[in-house]
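Have a look at the structure below, then the notes.
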Amino acid sequence: MKKFINDPNDVVAEALAGIAAAHPGDLRVDTAGQYICRADAPRSGKVALVSGGGSGHEPLHGGFVGPGMLDAACPGEVFTSPVPDQILAATKAVDGGAGVVHVVKNYTGDVMNFQMAAELAADEGVTVETVLVDDDVAVENSTWTAGRRGTGATLLVEKIAGALAEEGGKLAEVAAIGREVNTASGSFAYALTAGTTPAAGRPGFDLPDDEIEVGVGIHGEPGRRREKLRPARDLVRSALDAILEAKPVADGDQVIVLVNGLGGTPLLELYLVYGEVATVLAERGVRIVRRLVGNYVTSLDMAGLSITVTRVTDEMVRLWDAPVRTPGLRWGA
Amino acid sequence: MKKFINDPNDVVAEALAGIAAAHPGDLRVDTAGQYICRADAPRSGKVALVSGGGSGHEPLHGGFVGPGMLDAACPGEVFTSPVPDQILAATKAVDGGAGVVHVVKNYTGDVMNFQMAAELAADEGVTVETVLVDDDVAVENSTWTAGRRGTGATLLVEKIAGALAEEGGKLAEVAAIGREVNTASGSFAYALTAGTTPAAGRPGFDLPDDEIEVGVGIHGEPGRRREKLRPARDLVRSALDAILEAKPVADGDQVIVLVNGLGGTPLLELYLVYGEVATVLAERGVRIVRRLVGNYVTSLDMAGLSITVTRVTDEMVRLWDAPVRTPGLRWGA
Amino acid sequence: MPDVDVALATAWLRAAADAVTADADLLTRLDSAIGDGDHGANLRRGFTAVVAVLDGSEFAGVGDVFVRAGATLISKVGGASGPLYGSALRAIGKALPPGESADLADLARALRAGLDAVSKLGGAAPGDKTIVDAYGPAVAAFEDAVAGGAALPEAAAGAARAAGDGARATTPLTARKGRASYLGERSAGHQDPGATSTWLLFQALADVTAP
Amino acid sequence: MPDVDVALATAWLRAAADAVTADADLLTRLDSAIGDGDHGANLRRGFTAVVAVLDGSEFAGVGDVFVRAGATLISKVGGASGPLYGSALRAIGKALPPGESADLADLARALRAGLDAVSKLGGAAPGDKTIVDAYGPAVAAFEDAVAGGAALPEAAAGAARAAGDGARATTPLTARKGRASYLGERSAGHQDPGATSTWLLFQALADVTAP
Ligand SMILES: Nc1ncnc2c1ncn2[C@@H]1O[C@H](COP(=O)(O)OP(=O)(O)O)[C@@H](O)[C@H]1O
Ligand SMILES: Nc1ncnc2c1ncn2[C@@H]1O[C@H](COP(=O)(O)OP(=O)(O)O)[C@@H](O)[C@H]1O
Ligand SMILES: [Mg+2]
Ligand SMILES: [Mg+2]
Ligand SMILES: [Mg+2]
Ligand SMILES: [Mg+2]
């Protein structure tokens with residue numbers, strides 16, 4: 001394993017120190033509590049958004065803390081959900097009296113730890129609403145299993161719900177629009193290589209030089225199946241088929257598209273892929289009204305990408321366009 | 001080779017199509033002329049900035065086109081400088097009558113192609129000033145060789161000179177501050193793995209699992225030497241030693257720091273490294289007044305990073321803070 | 001007859017810490033195949049913190065030892081296994097009678113309470129390829145042994161054996177809970193990391209009680 | 001005696017295109033070792049474009065063929081080799097006398113003019129591990145042969161031999177120009193890609209003129 005680190009056990013703590021040093025004035029990092037929050041938190045009367053998850057997905061979530069998006073993020077160990085103490089501390093730190101929304105990606109660990117924190121917060125008088133993100137259509141939806149994973153749509157939920165909270169939305173409204181964005185989203189991902197966690201020290205899986213993993217998540221796990229590499233335009237078509245089957249989009253509907261790199265894929269390829277996505281969606285009469293191309297919800301150094309399509313209302317587009325000022329996403333401010 | 005592409009020969013053209021589709025209203029892509037420019041170009045009376053270079057370094061340069069930074073960018077084939085026709089077409093397209101600044105990274109190919117284009121532009125009545133960027137201190141400076149490479153400092157030159165042009169700076173002034181930023185900058189890079197160009201189809205070099213290339217550029221070439229991997233804090237110290245020896249910074253001087261990923265390095269590690277940089281520079285009495293951590297000047301999928309330190313005047317800081325609205329760098333707008 | 005006292009509880013948890021540390025690589029390798037490759041690191045981190053708590057504390061009662069250890073796992077591990085094992089230990093501790101020690105029947109009931117906590121929190125049924133598939137058989141074997149009049153060493157050894165069998169039996173299963181469920185059919189053919197660590201924990205009990 | 005006419009010029013450039021296409025992988029591999037791994041792709045792209053121009057054009061004079069080919073390389077290749085080879089061909093074309101054909105002495109002078117253009121544009125001296133190290137000896141050998149009264153086939157074969165020797169002699173050199181110069185001492189031990197492609201170009205001339 002070759003990484004720019006010191007001791008594998010200190011990676012998250014030392015990266016947190018770097019984040020603190022890199023964003024003075026904008027972010028506050030509580031090293032004891034292990035969370036990142038807006039420098040101006042708590043904002044009295046504002047609904048606060050807290051998210052978190054394992055580290056290794058940067059800029060998600062710490063890079064999305066700031067006006068117009070999250071109030072706090074709780075980074076767990078690499079690919080390991082944060083613990084309830086962290087989440088509770090962050091929740092209390094940003095609560096401005098109007099309640100707190102937890103944006104939780106649907107993984108067993110994240111769900112359980114956030115749920116425990118929400119119960120503890122309730123005991124201390126903080127009202128918490130949870131928005132569960134489960135957009136990855138590679139996984140079947142079922143009440144008998146852990147269900148679908150939360151992936152790229154997390155960014156859209158955090159941006160759009162965050163904008164509503166910023167402009168004074170009430171707790172129930174902010175949670176509701178977050179859930180609507182999630183329901184309207186579908187994602188699908190491919191991996192060309194496995195990533196390497198500092199703790200494991202070797203790639204999560206080996207892949208022959210002409211094969212890819214299809215339907216992967218963001219934790220370095222293998223996908224639903226292994227296939228031969230195909231040209232980008234074929235992969236895009238298959239991914240969009242899967243997304244649109246699970247989350248149908250009618251002719252004339254407007255969507256936001258995220259072409260998201262998993263960490264090790266050059267931006268050049270992401271743009272090429274976006275070009276293919278635009279072509280296919282145009283053929284199907286779908287109007288892309290906004291889009292984002294880049295590395296936003298990553299899986300360490302995995303070479304791969306995910307495509308997210310979210311059917312949006314005019315109100316969602318308005319909130320998407322609202323000012324945001326975070327390390328990872330910034331416009332209008 | 002596994003990449004999200006169709007035919008290796010079409011990568012740059014198809015990525016350009018994706019860029020055009022992804023930034024309607026902000027960027028205009030001339031597919032015949034093979035350049036990217038501001039949608040509102042030419043701006044009458046404004047000094048225009050044109051840069052370019054081989055593709056594979058995204059977001060550099062196309063991602064830095066927009067108000068407050070570049071007026072146009074010319075992407076060459078992967079790692080191959082653009083041709084004079086392209087540069088001439090872009091130069092003419094954005095010339096607003098106040099002259100054009102070419103920001104050129106110091107590589108034989110880039111220098112020659114831009115020089116030919118500048119001569120052709122002069123023939124057509126467009127005045128061109130060239131700012132050569134050569135910040136990579138891993139290479140000795142010498143009149144007998146090709147000299148130092150242009151790397152991370154290109155971003156600072158484009159941002160700061162771009163801001164001066166935006167607020168009405170004259171041709172000579174814009175070129176002058178660009179040159180000052182370059183002179184005040186030093187960079188040093190490490191690679192953990194080689195990148196793979198679509199044309200070559202295999203990594204540029206092989207590296208044992210415990211060795212790194214020291215003093216690499218951004219074209220996948222091997223570095224000055226090969227060494228055993230060391231902890232991040234040691235690597236940072238060595239890089240800063242090299243930079244500060246070549247570009248001395250006095251106690252109390254203010255600097256802008258860029259910790260830049262070469263494409264395959266997780267943001268988590270870049271932040272960890274920034275933390276080390278902040279620690280070392282604080283020890284030496286250097287004041288970091290602004291900083292940027294992320295993948296900005298990349299080398300396809302190479303796992304590696306560069307550190308750039310630029311000694312800045314108050315005026316440079318003011319121009320750094322000025323609004324910028326590009327796909328790759330955006331604030332205040 | 002004080003079968004289960006503070007000394008035994010702390011000895012068990014220390015042995016558990018040694019076991020998950022010694023086999024952290026194995027657990028991580030199993031988790032790399034069908035999960036995210038952190039199970040070994042998670043439990044090592046958690047049980048190391050548990051040992052630190054044991055080192056620095058006086059315990060009024062045996063239940064307390066488990067409650068504090070469980071709270072520590074919840075605070076330090078994260079992921080799926082942190083809340084699950086943490087809740088299990090807390091439930092075990094809370095189910096034990098107050099005071100310095102408890103008897104074998106108390107421990108059997110407490111272990112069952114721990115299993116109930118895991119099932120309630122995680123919602124996994126037997127056969128879902130989770131911790132439950134080792135924990136369930138272990139508790140059943142422990143109860144049977146106690147009902148049959150066995151002493152602690154024998155009951156613990158039986159529980160460990162059942163946990164091991166349960167862990168191995170997860171190999172052909174298709175996961176329905178946890179990260180392995182995302183792999184669908186591809187999760188079959190790999191032993192579940194959590195069931196394997198459960199076996200290590202019961203084996204630790206068997207080891208410290210062995211005559 | 002029209003040694004050098006439009007037919008010969010186009011035949012040479014077509015043979016050059018075939019050669020750099022056939023050996024593109026070799027050139028790229030050499031460039032991967034001490035450069036950025038695109039030299040083969042660059043020349044293949046450039047000479048493919050040259051052939052397209054040859055296919056679609058009528059040429060008034062032999063010089064024109066080289067001028068147009070040079071301009072095409074400049075427009076299509078980029079990098080260091082595009083302007084260098086492009087300028088060389090343009091200079092060769094401009095140095096040839098106007099009209100359908102030229103003699104051997106004209107060609108010798110033109111090849112020298114091409115070398116001068118490369119040296120002026122790139123600033124490389126002999127021994128800097130560049131195109132110049134193959135091109136220089138090739139021109140000198142060609143001039144010597146012509147001065148000694150040799151015919152074109154013999155002069156071309158001598159130039160190709162000298163270019164090959166020159167290219168091989170770059171191996172121990174430390175590069176002082178081009179990307180390889182960034183490697184410092186580490187550039188030694190590798191044959192220069194540009195000197196190698198220059199050899200291919202002169203070998204193409206030898207091949208098309210061979211009796
Ligand atoms: N719902 C559940 N109920 C019981 N055990 C579960 C459940 N989900 C996951 N597990 C167990 O947790 C183990 C993984 O733990 P760990 O790797 O530490 O956490 P994570 O999956 O969050 O990375 C799995 O092997 C499985 O045995
Ligand atoms: N200044 C120079 N003068 C002559 N030849 C040069 C010079 N710089 C580079 N070259 C030649 O160019 C070759 C590399 O060409 P190519 O790979 O196509 O361009 P680039 O270096 O821009 O990638 C080198 O091997 C070298 O022979
Ligand atoms: Mg995990
Ligand atoms: Mg090149
Ligand atoms: Mg795991
Ligand atoms: Mg090259």
Side-chain angles (χ1 to χ4, degrees), chain A residues 1-7 11-12 14-22 55-56 58-59 63 78 190 192-193 195 207 209-212 229 231-233 235 259 263-276 278-279 288 291 293 295 298 300-301 303 305 325 327 330-333, chain B residues 1-7 11-12 14-22 55-56 58-59 63 78 190 192-193 195 207 209-212 229 231-233 235 259 263-276 278-279 288 291 293 295 298 300-301 303 305 325 327 330-333:
Chain A
M1 170 183 59
K2 289 191 284 190
K3 292 187 176 293
F4 294 107
I5 61 174
N6 298 304
D7 184 318
V11 171
V12 174
E14 292 180 357
L16 259 184
I19 291 171
S55 292
E58 293 67 28
V78 173
Y190 296 105
L192 306 183
T193 65
L207 210 46
D209 207 40
D210 61 342
E211 293 189 6
I212 63 175
L229 178 62
R233 66 171 66 91
L235 295 176
V259 170
T265 294
L267 200 47
L268 192 71
E269 295 174 36
L270 299 182
Y271 271 116
L272 186 151
V273 164
Y274 179 73
E276 302 292 350
T279 301
I288 307 179
R291 78 287 298 158
V293 180
N295 288 281
T298 63
L300 291 173
D301 52 345
L305 60 80
R325 182 196 166 102
R330 184 164 173 177
W331 53 71
Chain B
M1 171 184 58
K2 289 190 285 189
K3 291 186 178 292
F4 293 106
I5 61 175
N6 298 304
D7 184 317
V11 171
V12 174
E14 291 180 355
L16 259 183
I19 291 171
S55 292
E58 293 67 28
V78 173
Y190 297 103
L192 305 183
T193 65
L207 209 46
D209 207 40
D210 61 342
E211 292 188 6
I212 63 173
L229 177 63
R233 65 170 66 91
L235 296 176
V259 170
T265 294
L267 200 47
L268 192 72
E269 295 175 36
L270 298 180
Y271 270 115
L272 186 151
V273 164
Y274 179 75
E276 301 291 350
T279 301
I288 306 178
R291 78 288 298 158
V293 179
N295 288 282
T298 63
L300 290 174
D301 52 344
L305 60 81
R325 183 196 165 101
R330 184 163 175 178
W331 54 72

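Per chain, numbering begins at 1; letters A, B, ... match sequence-line order. Everything numeric in this text was worked out from a predicted model, so none of it was measured.
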Fill in the blank from the handout: Interface check, chain A: of B:T298, B:D209, B:T193, B:T279, most non-hydrogen pairs under 4.5 Å belong to B:D209
Exercise for the section: Measure distances from A:V259 to the heavy atoms of chain B and classify the residue's part below 4.5 Å as side chain, backbone, both or neither. Expected result: neither
Completion exercise
Most heavy-atom pairs under 4.5 Å with chain B, out of A:E14, A:M1, A:R291, A:E276, belong to A:R291
Problem - A:E211, part contacting chain B, at a heavy-atom distance under 4.5 Å - result: backbone
Exercise for the section: Apply the test side chain to side chain contact (heavy atoms under 4.5 Å, CB included) to residues B:E58 and A:L270: give CA-CA distance (whole Å), side-chain angles for both, the deciding distance (0.1 Å), then the verdict. Expected result: CA-CA 10 Å; B:E58 293 67 28; A:L270 299 182; over 6 Å; no
Problem - Shortest non-hydrogen contact between B:A22 and A:V293, atoms and distance - result: CB-CG2, 4.1 Å
Problem - Interchain contact, A:P59 with chain B, by part (heavy-atom threshold 4.5 Å) - result: both
Practice task
Measure A:L207 against the heavy atoms of chain B and call it side chain, backbone, both or neither at under 4.5 Å.
Solution key: both
Problem - Contacts of A:E269 that satisfy salt bridge (charged side-chain N to carboxylate O under 4.0 Å, His left out) - sequence neighbours left out - result: B:K3
Handout entry: Under 4.5 Å from a heavy atom of chain A, the part of B:I19 involved
Key = both
Practice task
Could you walk me through whether A:L272 and B:N6 pass the side chain to side chain contact (heavy atoms under 4.5 Å, CB included) test, one step at a time?
Solution key: CA-CA 9 Å; A:L272 186 151; B:N6 298 304; 4.1 Å; yes
Problem - Test ring pair (Phe, Tyr, Trp, His ring centres under 6.0 Å) applied to A:Y271 - qualifying residues, sequence neighbours left out - result: B:H23
Problem - Segment of A:R330 engaging chain B (4.5 angstrom heavy-atom cut-off) - result: both
Practice task
Go through the steps to decide whether A:L267 and B:N295 satisfy the test side chain to side chain contact (heavy atoms under 4.5 Å, CB included), and finish with yes or no.
Solution key: CA-CA 10 Å; A:L267 200 47; B:N295 288 282; over 6 Å; no
Fill in the blank from the handout: Bottom line for A:L235: the part with an atom under 4.5 Å from chain B's heavy atoms is side chain
Handout entry: Side chain, backbone, both or neither of A:L16 within contact of chain B (heavy atoms, under 4.5 Å)
Key = neither
Exercise for the section: Quick one: which of B:D7, B:L192, B:V78 has the most heavy-atom pairs under 4.5 Å with chain A, could you say? Expected result: B:L192
Exercise for the section: Please determine, among B:G275, B:A232, B:G264, B:G332, the option with the most heavy-atom pairs under 4.5 Å with chain A. Expected result: B:A232
Exercise for the section: Identify which part of A:A333 has an atom lying under 4.5 Å from any heavy atom of chain B, answering side chain, backbone, both or neither. Expected result: backbone
Exercise for the section: Pick one of side chain, backbone, both or neither for B:I288, based on which atoms fall under 4.5 Å of a heavy atom in chain A. Expected result: neither
Problem - Option from B:T265, B:I212, B:L268 for which side-chain contact (heavy atoms from CB on, under 4.5 Å) with A:F4 holds - result: B:T265
Practice task
Measure B:V11 against the heavy atoms of chain A and call it side chain, backbone, both or neither at under 4.5 Å.
Solution key: both
Problem - Approximate separation, where rounding is to 0.5 Å, of B:R233 CZ and A:I5 CD1 - result: 10.5 Å
